Number of protein chains: 2
Amino acid sequence: MASDDGATPRLGVLDELVGYHMRRASAVIATDFSRATAGTGMRQVLFGVLSIIEANPGINQGAVGRALGIQRANMVSLVNELDERGLIARRTASDDRRAFSLTLTPAGQRILADSLARLRQHEDDVLSNLSGTERATLILLLSRIEARSN
Amino acid sequence: MASDDGATPRLGVLDELVGYHMRRASAVIATDFSRATAGTGMRQVLFGVLSIIEANPGINQGAVGRALGIQRANMVSLVNELDERGLIARRTASDDRRAFSLTLTPAGQRILADSLARLRQHEDDVLSNLSGTERATLILLLSRIEARSN
DNA sequence: TATTGTTATACTCTATAACTATA
DNA sequence: TATAGTTATAGAGTATAACAATA
């Protein structure tokens with residue numbers, strides 16, 4: 001009789017590691033993101049890019065990548081996709097002919113707003129185990145870890 | 001003059017979403033995992049599998065996958081890799097000839113213990129922004145989210 | 001020389017469908 | 001019929017190196 005005959009096997013040393021729990025909780029939220037935006041073609045990365053562009057109109061793609069931890073090379077296809085879908089506009093930057101100046105199109109603003117509404121509702125649901133204070137604490141603690149990205 | 005001329009562009013709506021911060025903090029920790037285990041061939045998934053097997057000797061790979069949220073199909077190459085590297089042993093389960101009974105080899109126990117030591121040290125470092133209580137709170141809150149994986 | 005965007009490439013992770021052998 | 005393991009495959013995400021145009 002194997003030791004996993006109960007419903008849930010033991011986690012072992014995994015259970016003490018913040019990294020493990022981060023990974024699993026992050027996966028739960030990513031799955032929920034997919035559910036929330038199903039059928040819209042939205043993805044976590046794309047939402048991030050759109051949000052940065054909305055908050056910083058005229059930003060170039062290198063800066064977007066740096067803000068989100070995405071490599072220059074990988075930004076190319078993302079920006080292409082958003083452009084082809086008519087969600088962003090790119091114009092050669094007036095002050096630097098190497099760079100593109102990115103802005104949201106009306107369609108881009110709409111899909112960002114729509115996704116945000118869906119995500120807020122879904123996060124309220126997935127995080128219903130947490131009080132408002134706990135949720136704020138969670139964001140605070142995660143931000144402190146993010147600050148360690150050197 | 002674009003609005004991103006300052007050092008850090010604004011995050012926009014992203015900043016309110018738990019999902020975003022989870023993603024970024026998770027990435028910081030994953031990068032740190034790689035640093036901690038550099039040169040050992042250890043990866044987050046493999047560490048997870050080894051930990052589950054250690055805590056549940058004789059478990060089969062389907063149950064390992066269920067515990068970690070890994071699909072059956074994707075368990076195959078992971079288990080193959082661990083077997084080929086001599087870190088686990090698989091024997092046909094005595095009570096079910098379809099299944100493999102998995103256990104750690106001495107080498108598997110060693111690499112798990114070694115990785116754990118490295119990871120503890122690294123987590124202490126990446127999480128040095130957090131007090132012991134805060135760290136415990138973080139794990140608690142993450143666990144509550146994990147529980148929502150339905 | 002350094003930086004912006006680009007191409008090419010490769011590896012990991014993840015997801016699905018279909019198969020086999022056992023139960 | 002259902003389950004354990006397997007194969008094949010495809011799509012994301014991520015990482016590196018090298019190039020052209022511009023600064």
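The model shown is predicted, which means the values in this text are computed figures rather than measured ones. First the proteins, then the strands, lettered A, B, ... as listed; each starts at 1.
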*Quick one: what's the B/S/- string for nucleotides 16-23 of chain D, heavy-atom cutoff under 4.0 Å, read 5' to 3'?*
BB---BBS
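Between B:Leu78 and A:Ser101, the residue whose closest nucleotide on DNA chain C is further toward the 5' end is A:Ser101. Where A:Thr31 and A:Arg66 each meet DNA chain C at their nearest nucleotide, the meeting point lying more 5' is that of A:Arg66.
Atom OH of B:Tyr20 and atom CG of A:Leu142 lie 11.5 Å apart (nearest 0.5 Å). Rounding to the nearest 0.5 Å places CZ of A:Phe100 at 15.0 Å from CD1 of A:Ile59.
The CE-P distance, from A:Met75 to D:dG13, rounds to 12 Å in whole Å. Summarising the geometry, the separation between CZ on B:Arg24 and P on D:dG13 is reported as 15 Å, rounded to the nearest angstrom. Rounded to whole angstrom, the span from the CG atom of B:Asn60 across to the P atom of D:dT3 amounts to 13 Å. For the pair B:Ile70 CD1 and C:dT12 P, the computed distance is 15 Å after rounding to whole Å. Computed from coordinates, the B:Ile59 CD1 to D:dT3 P distance equals 17 Å when rounded to whole Å. In this structure, B:Arg23 atom CZ and D:dG13 atom P are separated by 7 Å, rounded to whole Å. Summarising the geometry, the separation between CZ on A:Phe33 and P on D:dA12 is reported as 14 Å, rounded to the nearest angstrom.
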Using distance only, find each side-chain donor-acceptor pair of residues 111-118 of chain A under 3.5 Å and give its atom names and separation, not counting sequence neighbours.
| from | atom 1 | to | atom 2 | distance (Å) |
| --- | --- | --- | --- | --- |
| A:Asp114 | OD2 | A:Arg118 | NE | 2.9 |
| A:Ser115 | OG | A:Ile111 | O | 2.7 |
| A:Arg118 | NH1 | A:Ala36 | O | 3.1 |

Hey, can you pull the donor-acceptor pairs under 3.5 Å for the side chains in residues 67-78 of chain B, sequence neighbours left out?
none

Atom pairs and distances, side-chain donor-acceptor, residues 39-53 of chain B, under 3.5 Å, sequence neighbours left out:
| from | atom 1 | to | atom 2 | distance (Å) |
| --- | --- | --- | --- | --- |
| B:Thr40 | OG1 | B:Thr37 | O | 2.6 |
| B:Thr40 | OG1 | B:Met42 | N | 3.2 |
| B:Arg43 | NH1 | B:Glu81 | OE1 | 3.4 |
| B:Arg43 | NH1 | B:Glu81 | OE2 | 3.0 |
| B:Arg43 | NH2 | B:Glu81 | OE1 | 3.2 |
| B:Gln44 | OE1 | A:Arg23 | NH1 | 3.4 |
| B:Ser51 | OG | A:Leu11 | O | 2.8 |
| B:Ser51 | OG | A:Val13 | N | 3.3 |
| B:Ser51 | OG | A:Leu14 | N | 3.2 |

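Checking A:Arg90 against A:Asn80 by side-chain atom types alone, a donor-acceptor pair falls below 3.5 Å. A donor-acceptor pair shorter than 3.5 Å can be found between the side chains of A:Arg91 and A:Thr103.
Near DNA chain C, meaning a heavy atom under 4.0 Å from it, residues 39-53 of chain A has no residue at all.
With respect to B:Arg135 and B:Asp124, a salt bridge is recorded, a charged nitrogen being found less than 4.0 Å from a carboxylate O.
Rounded to 10°, the angle separating the first-five-pair axis and the last-five-pair axis of the helix from C:dT1-D:dA23 to C:dA23-D:dT1 equals 0°.
The main-chain N or O of A:Glu146 is never found under 3.5 Å from a side-chain atom of B:Arg24 such that the two would form a donor-acceptor pair. Put simply, the side chain of A:Asn56 gets close to the backbone of B:Arg10: a donor and an acceptor are under 3.5 Å apart. Under the 3.5 Å distance criterion, the side-chain polar atoms of B:Thr92 are left unmatched by any main-chain donor or acceptor of B:Arg97.
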